[in-house]
Amino acid sequence: MKTAIITGIGRGIGKALAEKFLAEGFTVIGTVFTSGQAAAHDRLAIHALDLSSPESIRKCAAAIASSGAKADILINNAGILIDGDETCLAPDKLRATLEVNVVGTAAFTELIVPLMSRDGHIVNISSQAGSIAEADILEDTHEPYHYPAYKISKAALNMYARTLAVRMAHEKTGIIVSSVHPGWVKTDMGGDEAPVTPEEAAADIYALAVSRPETGQFWFKGKKYPW
Ligand SMILES: NC(=O)c1ccc[n+]([C@@H]2O[C@H](COP(=O)([O-])OP(=O)(O)OC[C@H]3O[C@@H](n4cnc5c(N)ncnc54)[C@H](OP(=O)(O)O)[C@@H]3O)[C@@H](O)[C@H]2O)c1
């Protein structure tokens, strides 16, 4: 039986991802921060994780390791967008965003890598907002001046995916790494006007996660997306 570790399964895309992987027969190890416990399932284990806390990251990874789990898939889904409507960079918000979306996510990943199987797949949920190639496109959906801290964090997360992919290949671990844009999704983060449901986004991410694509690439709906 295959195992997927998914961060942030209490709501939004992460919740839909956990449900999708369970429905497809996976064992799921999920994490929650402020959300209550997700619905119980005999193939679901839930751990507390605050990606802004090094201690919480260590404890969560240690608890997963001590369960003897071998992960086939890691989905780094948990993330924050705290810029609000700001168009100017607020350093405190940048610091807090990087701590969760980049530093904490990378620290957690590094502790999970040794628990992964040889054909493992690490999938980082990034965003179109992190695409440097599209940063100056003046379309409503790209909101070029908005949420700068979030955009910087997702660009950095993309580089983490790429550098980790190169390292995993160099070390011949067999582990591949992908970055994926989930679309504009109807969640607490995406808002009510978003056209994509969490279930639709989860189906696309699941298809990517269980496939064996070229490592170190940025994906959206099965196609490469510009970095
Ligand atoms: N929605 C969109 O349109 C969209 C577009 C592009 C990319 N994304 C990305 O997709 C991912 C999921 O987004 P979403 O829309 O589902 O967001 P969401 O509904 O706001 O959910 C955020 C998730 O992140 C977790 N989280 C927040 N702070 C955390 C922390 N300090 N430590 C650990 N977990 C933490 C939350 O856990 P708790 O509930 O337990 O606190 C929750 O599960 C994010 O990485 C986001 O950047 C979303």
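Indexing begins at 1, ligand by ligand and atom by atom, following the structure's order. Numbering of residues begins at 1 and proceeds along the displayed sequence.
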Specify the protein heavy atom at minimum distance from atom 2 (C) of ligand 1: its residue, its atom name, and the distance to 0.1 Å. V185 N, 3.5 Å
D50 heavy atoms within 4.0 Å reach ligand 1 at atoms 30 (C), 31 (N), 32 (N)
In this structure, CG of L81 is separated from NZ of K93 (nearest 0.5 Å) by 10.0 Å
I need the atoms of ligand 1 closer than 4.0 Å to a non-hydrogen atom of I80, numbered in the order shown. 27 (C), 28 (N)
Aromatic rings F220 and Y225: how do their planes relate, parallel, tilted or perpendicular, breaks at 30° and 60°? perpendicular
Which of K224, K223, R162 passes salt bridge (charged side-chain N to carboxylate O under 4.0 Å, His left out) with E214? Answer is K224
Between the side chains of S153 and N101, does any donor sit under 3.5 Å from an acceptor? yes
Of all the non-hydrogen atoms in the protein, which one sits nearest to atom 33 (C) of ligand 1, and at what distance? L49 O, 3.2 Å
Below the 3.5 angstrom mark, is there an N/O of W184, backbone or side chain, next to an N/O of ligand 1? no
With sequence neighbours left out, what residues match N76 under side-chain hydrogen bond (donor to acceptor under 3.5 Å, both in side chains)? T109, N124
Under 3.5 Å: N/O of H181 near N/O of ligand 1: no
The answer for which part of K154 has a heavy atom under 4.0 Å from ligand 1 is side chain
For G79, the ligand 1 atoms with a heavy-atom partner under 4.0 Å come out as 22 (C), 24 (O), 27 (C), 45 (O)
Give a yes or no on whether a salt bridge exists between E99 and R95, defined as a side-chain N under 4.0 angstrom from a carboxylate O. no
Is it the case that ligand 1 has an N or O less than 3.5 angstrom from some N or O of V32? no
Any N or O of I9 that comes nearer than 3.5 Å to an N or O of ligand 1? no
Within 45 degrees of the ring normal and closer than 6.0 Å to the centroid, is that where the cationic atom of K20 sits relative to Y206? yes
So is S126 in contact with ligand 1, going by heavy-atom distances below 4.0 Å? yes
Looking only at protein heavy atoms, which one is nearest to atom 44 (C) of ligand 1, and how far off is it? N77 O, 3.1 Å
Taking 4.0 angstrom as the limit and counting only heavy atoms of V100, give me the atoms of ligand 1 inside it, by number and element. 31 (N)
Atom 16 (O) of ligand 1 - nearest protein heavy atom and its distance: I13 N, 2.9 Å
Could you tell me the residue and atom name of the protein heavy atom closest to atom 30 (C) of ligand 1, and the distance to it rounded to 0.1 Å? F33 CD2, 3.4 Å
Sub-4.0 Å atoms of ligand 1 with respect to non-hydrogen atoms of Y150: 6 (C), 7 (C), 8 (N), 9 (C), 46 (C), 47 (O)
For atom 25 (C) of ligand 1, what's the nearest protein heavy atom and its distance? A78 CB, 3.7 Å
If you measure from CG on D83 to CG on L89, what distance do you get to the nearest 0.5 Å? 7.5 Å
Shortest protein heavy-atom distance from atom 43 (O) of ligand 1, along with the residue and atom involved: G8 O, 3.0 Å
Roughly how far apart are I122 CD1 and T105 OG1, rounded to 0.5 Å? 12.0 Å
Shortest non-hydrogen contact from P182 toward S126: CD-O, 3.6 Å
Salt-bridge present (K186, E200; N to O < 4.0 Å): no
List ligand 1 atoms under 4.0 Å from I125, heavy atoms only on the residue side. 9 (C), 10 (O), 11 (C), 45 (O)
Would you kindly say whether S178 and H121 are connected by a side-chain donor-acceptor distance under 3.5 Å? yes
Just checking, is any N or O donor in the side chain of S117 or D72 under 3.5 Å from an acceptor N or O on the other one? yes
Residue, atom and distance of the protein heavy atom nearest atom 32 (N) of ligand 1 read L51 N, 2.8 Å
Would you tell me which option among S153, S53, G12, P182 has the nearest heavy-atom contact to atom 6 (C) of ligand 1? P182
Can you figure out which of G10, S127, G183, G190 has its heavy atom closest to atom 5 (C) of ligand 1? G183
